[in-house]
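The structure appears right after this line, and notes come after that.
Atom set for the values below is all heavy atoms of this structure, side chains included, hydrogens, waters and symmetry mates excluded. Throughout, a chain's letter reflects where its sequence line sits, starting with A, and its residues are numbered from 1.
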Amino acid sequence: MKKKISYNYNKIEAKWQQRWLKDKIYSPDFLVSNNKFYNLYMFPYPSAEGLHAGHAFSSTGSDVFGRFMRMKGKKVFQPMGYDSFGIHPENYAIKTGEQPQTMLSRTIPHFTEQFKSLGHGYDWSKSLTTSDLNYYKWTQWLFVEMFKAGLAYRKKMEVNFCPSCKTVLADEQVMTPAQAGKDPKKIDGSPVENPEETKVCERCGTVVEKRDLEQWLFRITDYADRLLKGLSKINWPEKIKTAQKNWIGKKEGINITYSIKKANKTITVWTSRPDTNFGATFIVVAPEYVQKNLVRLISSDRSKKVEEYIKSSLNRSKDDRMSEGREKTGVFTGLFAINQLNGNKMPIWVSDFVLMDVGTGAVVGVPGHDKRDFAFAKKFDLPVVRVVMGSDHDKSDITRISQVQEEEGIMVNSEFLNGLDIHEATIKMMDYLERNGWGKRVTSYHLRDWLISRQRYWGPPIPMIYCESCAKSKRSYFTEMTSLPAEATVEVDRSNDWDHFGWYPEENLPVELPEIEDYKPEGKGRGPLANHPEFYKVVCPKCKEAARRETDVSDTFLDSSWYFLRYPSVGVSRLPWDVEITRKWLPTDLYFGGAEHAVLHLMYARFVTMVLHDLKYLEFEEPFPKLYAHGLLIKDGSKMSKSRGNVINPDLYIEKFGADALRLYLMFLGPMDATSDFRDTGIEGMKRFVDRLMNTFTLKTTNRDSSEVISKLHKTVKKVTEDLAEFRYNTSIAATMELVNIIREKGSISKLAKEILVKLIAPFAPHLAEEVWVNVLGNSYSIHTSRWPKYDKNAIKEKTIEIVVQVNGKFRGTVVVNANDVKNKDFVIESAKNDKSVAKWLEEKEAKKIVFVPGKIINFVIF
RNA sequence: GCAGGUGUGGCGGAACUGGCAGACGCGUACGGUUCAGAACCGUAUGGACUCUUUGUCCUUGGAGGUUCAAAUCCUCCCAUCUGCACCA
């Protein structure tokens, strides 16, 4: 009967956690930068009482890599902090009926305790919390820098509003009822017509409304091209890069200008398919376009009808106007534009399916080549013309044409574009239009400017002051500004400068967020701070008249757009980051996080870094050269959420099975980047492995291992080393299990083998590994700063090799040959032929062909 | 509709540049240990046929194809997940 070691994991784990913290083994020296490894993990928002198993899953994935790197000799910096400002923690505080500050002073320490109990190697001396004054004063500084650089501006725009929660909602909080898991309801109690198409508030399921409000925005669109180009320089998953590419949505097109008949005016449309322009039969403009450009040209007999239409469209929300499958509406303006290509007269219509902020707000109608234009033409009985290029080597367009053909239409054959495919025809047409001065190539983007202001309480107050008297006398901050570096590589568009008359940045940061009782949003289009004159009543820094401080706070994504810059400099008080430390430790070496941040956070952080680079604050412009996107941990087939009641608290499992068993289980579930389901039975199995593993170290120690164990040991070192580098944690653990199984079969193991085995498991089970390393094997503390094992190539080499024998491609047996004979084709063929089970299939026939892959396979083709 | 991903036993998943499909684990069954249970140890475990063994055939969402050889490469479908979407 084997003697079993009694392993009190709770006690042992706590012991080592305290020792690691005391000895600061996870705190690197920031003045030394050679061999540094900045291992960043996406910090959580503490909008719950504590961590759920998903956090445990992803943070362990990050920690395993950090531990591996440390044992590979890197100086690893692995910080942890909290994204504690913003709507999520605020909503949670509202729910618990507390002040956000009170709630966080309870939850953040709990989060920290939980992270510590998982045994992660964080440098807790460099932790940060975005709602700390010491942090957010620099978030405000960042806003001021943006404003000074001309990258922050104000604009009246349509925003989402929940009439029940009385608050403005971010886009990401507006979803279909199915996504929100709610029954849709309207505020006045009337029935909801199309439940699948309506957009509701994530929290209460009320149908959202649209409101026009003044907002602060950042000119991220100025950086669209650089954000796109930068993607080719960074090592990110293709999936995430594609998401960013699509979000930026760069499209090459052309602005074509047509003259308006009987008017000394032109109309400009944007299109990506000018090659179809021979088929243009009408023009459609957005309602806003008419207001801005065409109102005076419209004859009095038509103007009433047009005005009515515009008014009713503008009452509709953008979502409503764009709702899928909605029947086209529109009104003829009485105006005509002339198509220079063929002299055709094109009636100008107004319709709400055309958006002012896409392209020029005017679209050329080519119903023979565009589904939407076709629907419009059918509805209002406009002619349909198809352009045939006399070529059939572009299938997709031919299909589109023939679909329309079934209905009706005139066909024109374009000799001009004869024989060209879409791409060639587009280029030829663009060249032609530009040569004649009718068009100008323009690149368009899907990316919109970043809406930075929130009419909420829990965020950094936007550090701006508005002075009415300065605004009246048109005093702009920019007219007297000199601090923008002359070398900034981005050309700043100042066309919106008039917006800034009377606005000044705060000179004395921070603008402290006052603690107020009435912090809940009222939904009047203003933040709760707007009810606090003691906050907003200030003196104008310019003219010393009474002025008003901005009462909006900034978006939580601004807090998280620069936190990685702060970590190494936590404790530095006069600067957001120390120049020397930053030069040594940034950019990050690995960013480990969830794919749900593919566009928002990751795009914003890249943008902010590029701006700071242009402002000469940083030497690099990509903050995350390597990104790993982990998968999702689900429970019973669906995402863990409080409303579903399937949230797993890791504490219970740590208590019952130990942190090491939980870590191993989470990493063994499946590939790190896949969606995995948490199951209780699985972790019980892992606890059995942990116990078996412990017992392996107390097996009889021999002087020499059997050749089988030696070979397997070195193979496992090779496999685990390679797999860890590629985040293949599940197969690393499986390989280690195989090794343990073989050792246990043998019943004894050398001390050296024990040391190698415990090192292999150390990144996954750091406490067990330390305990074994120090107290069972008697080595000096700590295993986590010891060197990763190397394997011996010679030990892996097999003396004999098994070669698969196939006949006609089917497995018919194996032959074992000496390693020296592996490349000897004739010898292997003879051995195979002599094998009984193979010979049966060869039937003494002569092989037509023999495929020989040395060391792997021999295939007789006899057919 | 567009873009990207995924599909392998009862389950989670292995399979490096095409070379013995199902590693490792869970679950299940039987046996051992036990007063009994838990835990532990051992054996078996894709399906069908044969059945004393040896063994044969089928099998990686479906249908074709390339190849001596396909889970892997190509074409077309199907299912499913995630973004974006009347974006001109």
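- For A:Asn730, counting side-chain heavy atoms from C-beta on, the closest listed nucleotide (B:A23, B:G13, B:C87) is B:G13.
- Counting only heavy atoms from C-beta on, A:Asn741 has its side chain closest to B:G25 among B:A14, B:A88, B:G25.
- Computed from coordinates, the A:Asn808 CG to B:G19 C1' distance equals 15 Å when rounded to whole Å.
- Candidate nucleotides B:G19, B:A14, B:A88 were compared by shortest atom distance to the side chain of A:Pro671, and B:A14 ranks first.
- Closest contact between the side chain of A:Arg744 and the listed nucleotides B:C11, B:C41, B:C24 involves B:C41.
- Annotation: B:A39 and B:A29 have their P atoms spaced 13 Å apart (nearest Å).
- Remark: the separation of the P atoms in B:C26 and B:C40 is 9 Å, to the nearest Å.
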N/O contacts under 3.5 Å, protein versus nucleotides 54-58 of chain B?
| unit_1 | atom_1 | unit_2 | atom_2 | d |
| --- | --- | --- | --- | --- |
| B:C57 | OP1 | A:Arg812 | NH2 | 3.2 |
| B:C57 | OP2 | A:Arg812 | NH1 | 3.3 |

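- Counting atom types as modelled, A:Gln806 pairs a side-chain N or O with a base atom of B:G19 as donor and acceptor under 3.5 Å.
- In terms of polar N and O atoms assigned as donor or acceptor, the side chain of A:Lys251 never comes within less than 3.5 Å of the base of B:C87 in a complementary pairing.
- Rounded to a whole angstrom, the distance from the C1' atom of B:U28 to that of B:A79 is 29 Å.
- With both ends at atom P, the span from B:A69 to B:U59 equals 15 Å, rounded to whole Å.
- Taking the C1' atoms as reference points, B:G65 lies 30 Å from B:G13, given to the whole Å.
- Checked against B:G12, B:C24, B:A88, the side chain of A:Ala734 finds its nearest nucleotide in B:C24.
- The gap from the C1' atom of B:G64 to that of B:C49 amounts to 29 Å, rounded to the nearest Å.
- Comparing the same atom, P, in B:C87 and in B:C68 gives a spacing of 49 Å after rounding to whole Å.
- Residue A:Arg692 places none of its side-chain N or O atoms closer than 4.0 Å to OP1 or OP2 of B:C40.
- Residue A:Asn859 is in base contact, counting any heavy-atom pair closer than 4.0 Å across all strands shown.
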Secondary structure of RNA chain B per the Watson-Crick/G-U criterion (both distances under 3.5 Å; [ ] crossing, | other strand, . unpaired) is (((((((..(((......[....)))((((((.......))))))((((.....))))..(((((..]....))))))))))))....
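- For the P atoms, the distance from B:A88 to B:A15 is 41 Å, rounded to whole Å.
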